[in-house]
Amino acid sequence: MGFREVPNVLETKCGAVSAFAIQQEGGGLLEDRDQKFLSRAVEEAYKGVESGDGGPFGAVIVCNDEVVVSCHNMVLRCTDPTAHAEVTAIREACKKLKRIELSDCEIYASCEPCPMCFGAIHLSRLKRLVYGAKAEAAIAIGFDDFIADALRGTGFYQKAHLDIKKADGNAAIIAEQVFENTKAHFQIY
């Protein structure tokens, strides 16, 4: 369908910083590996829209630097309001790994998780969450503002025992572009 404008990720060996590495708040770099897996989650978001499966959301679960699963939102295809990208990825990873606890895994999400997805991330004991776009990008094209309001300010993020990183700079822009580029497909609310 041609909405995609995602730059190529430059992968490097031995920890060298690529041109695609970005500056995070506090001066740290979003690692090349994070960039690679987050870009894959963004690709999944486009794939879900292009296939008509669901909203512009993608998620990737990684274990030991290997992709376990790469999923997108399946709400429309499954006629299931709980088939969000993150929940679908957690379900598929648990099946593939034959366990319900993913404490040695990380999740990369194209957008800040909603309360249901964050709860699933917490309950599956994923050790790390990296997300691209803030919830406001989804809200701007008509997705429910419950996405952001239900968790922010509650302290739940702080109580979760996982490392949470919000992408900044180019990574955030790429993730937010998914919503701008696909908004015509989501006039549902």
Side-chain angles (χ1 to χ4, degrees), residues 1 3-6 9 11 30 33-135 137-138 141 143-144 146-147 151 160 162-167 171-172 174-179 181-183 185-186 188:
M1 289 192 187
F3 339 81
R4 208 171 299 190
E5 290 183 30
V6 178
V9 177
E11 296 179 34
L30 186 63
R33 66 181 293 283
D34 287 350
Q35 192 65 48
K36 176 175 78 170
F37 297 129
L38 187 57
S39 292
R40 184 138 175 205
V42 169
E43 284 292 316
E44 277 292 334
Y46 280 112
K47 184 178 170 184
V49 173
E50 289 169 356
S51 64
D53 289 342
F57 303 92
V60 174
I61 294 184
V62 175
C63 186
N64 298 322
D65 289 332
E66 302 246 345
V67 172
V68 176
V69 294
S70 184
C71 298
H72 54 265
N73 183 290
M74 299 287 286
V75 168
L76 299 175
R77 177 176 223 182
C78 296
T79 329
D80 177 357
T82 69
H84 291 195
E86 299 91 335
V87 171
T88 300
I90 290 167
R91 288 174 181 159
E92 293 302 316
C94 288
K95 283 180 196 172
K96 186 172 184 177
L97 298 173
K98 296 180 169 69
R99 55 192 165 107
I100 62 168
E101 173 279 318
L102 302 171
S103 63
D104 57 343
C105 300
E106 303 166 280
I107 188 165
Y108 292 82
S110 62
C111 186
E112 182 177 8
C114 75
M116 176 185 68
C117 293
F118 191 79
I121 290 165
H122 173 73
L123 291 172
S124 65
R125 304 294 185 241
L126 283 153
K127 69 178 178 180
R128 189 161 177 258
L129 160 66
V130 177
Y131 67 93
K134 286 188 141 209
I141 68 165
F143 287 89
D144 199 320
F146 175 75
I147 293 170
L151 285 177
L162 74 150
D163 180 23
I164 302 172
K165 287 191 179 187
K166 160 68 176 89
I174 291 165
E176 289 169 5
Q177 285 174 344
V178 173
F179 297 99
N181 293 340
T182 64
K183 69 182 176 186
H185 296 272
F186 299 99
I188 56 178

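For the numbers below, each heavy atom of this structure counts, side chains included, while hydrogens, waters and symmetry mates do not. Quick caveat, the model's predicted, so the values are computed rather than measured.
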Review point. Side chain to side chain contact (heavy atoms under 4.5 Å, CB included) between Lys36 and Val62: does it pass, once the steps are laid out?
Key: CA-CA 11 Å; Lys36 176 175 78 170; Val62 175; over 6 Å; no

Practice item. Using modelled atom types only, decide if a donor and an acceptor are shared between the side chain of Lys166 and the backbone of Gly132 within a distance under 3.5 Å. Key: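 A pair under 3.5 Å: yes.
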
Check your understanding: With distance as the sole test, does Asn73 use its side chain to make a donor-acceptor pair with the main-chain N or O of Val75 at under 3.5 Å?
Key ->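 Yes; judged by distance alone, with no hydrogens or angles, the pair exists.
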
Do [X] and [Y] have side chains that approach each other closer than 4.5 Å (heavy atoms only, starting at C-beta)?
| X | Y | answer |
| --- | --- | --- |
| Ile90 | Leu126 | yes |
| Glu43 | Ser70 | no |
| Asp34 | Arg128 | yes |
| Cys111 | Phe179 | yes |

Tell me, please, which residues at least two apart from [X] pass side chain to side chain contact (heavy atoms under 4.5 Å, CB included).
| X | answer |
| --- | --- |
| Ala93 | Ile61, Val68, Val69, Leu102 |
| Leu123 | none |
| Ala45 | Ser110, Val178 |

Point to revise | Residue pairs passing the side-chain hydrogen bond (donor to acceptor under 3.5 Å, both in side chains) test where at least one lies in residues 81-91, sequence neighbours excluded | key: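 Output for this query lists Asp80-Thr82, Thr82-Arg91.
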
Set of side-chain hydrogen bond (donor to acceptor under 3.5 Å, both in side chains) partners for [X], sequence neighbours left out:
| X | answer |
| --- | --- |
| Asp65 | Arg33 |
| Arg77 | none |
| Glu92 | none |
| Ser103 | Glu101 |

Minimum-distance pair of heavy atoms, taken over all atoms of [X] and [Y]:
| X | Y | value |
| --- | --- | --- |
| Glu112 | Ala135 | OE1-N, 3.0 Å |
| Ile121 | Pro113 | CD1-CG, 3.9 Å |
| His72 | Gly48 | CD2-CA, 3.2 Å |
| Ile100 | Cys94 | CA-SG, 3.9 Å |
| Phe143 | Pro56 | CZ-CD, 3.7 Å |
| Gly52 | Leu76 | O-CB, 3.8 Å |

Check your understanding: Which residue pairs pass the ring-ring contact (aromatic ring centres under 6.0 Å, His included) test with at least one member in residues 85-107, sequence neighbours excluded?
Key ->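 Every pair satisfying ring-ring contact (aromatic ring centres under 6.0 Å, His included) with a residue in residues 85-107: there are none.
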
Practice item. Go through the steps for Met116 and Val87 under the test side chain to side chain contact (heavy atoms under 4.5 Å, CB included), then give the verdict. Key: CA-CA 8 Å; Met116 176 185 68; Val87 171; 4.0 Å; yes

Practice item. Take the angle between the ring planes of Phe37 and Tyr108 and call it parallel below 30°, perpendicular above 60°, tilted in between. Key: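 If you compare the ring of Phe37 with that of Tyr108, the planes turn out tilted.
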
**Study point:** Nearest-0.5 Å distance that lies between atom CD in Glu106 and atom CG in Asn64
**Key:**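 Result: 9.0 Å between the selected atoms.
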
Exercise for review: Could you grab the distance from atom CG of Asn181 to atom CD1 of Ile141, nearest 0.5 Å is fine?
Suggested key: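 Rounded to the nearest 0.5 Å, the CG-CD1 separation comes to 10.0 Å.
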
Check your understanding: Step by step, would you call Leu97 with Cys105 a side chain to side chain contact (heavy atoms under 4.5 Å, CB included)?
Key -> CA-CA 11 Å; Leu97 298 173; Cys105 300; 4.1 Å; yes

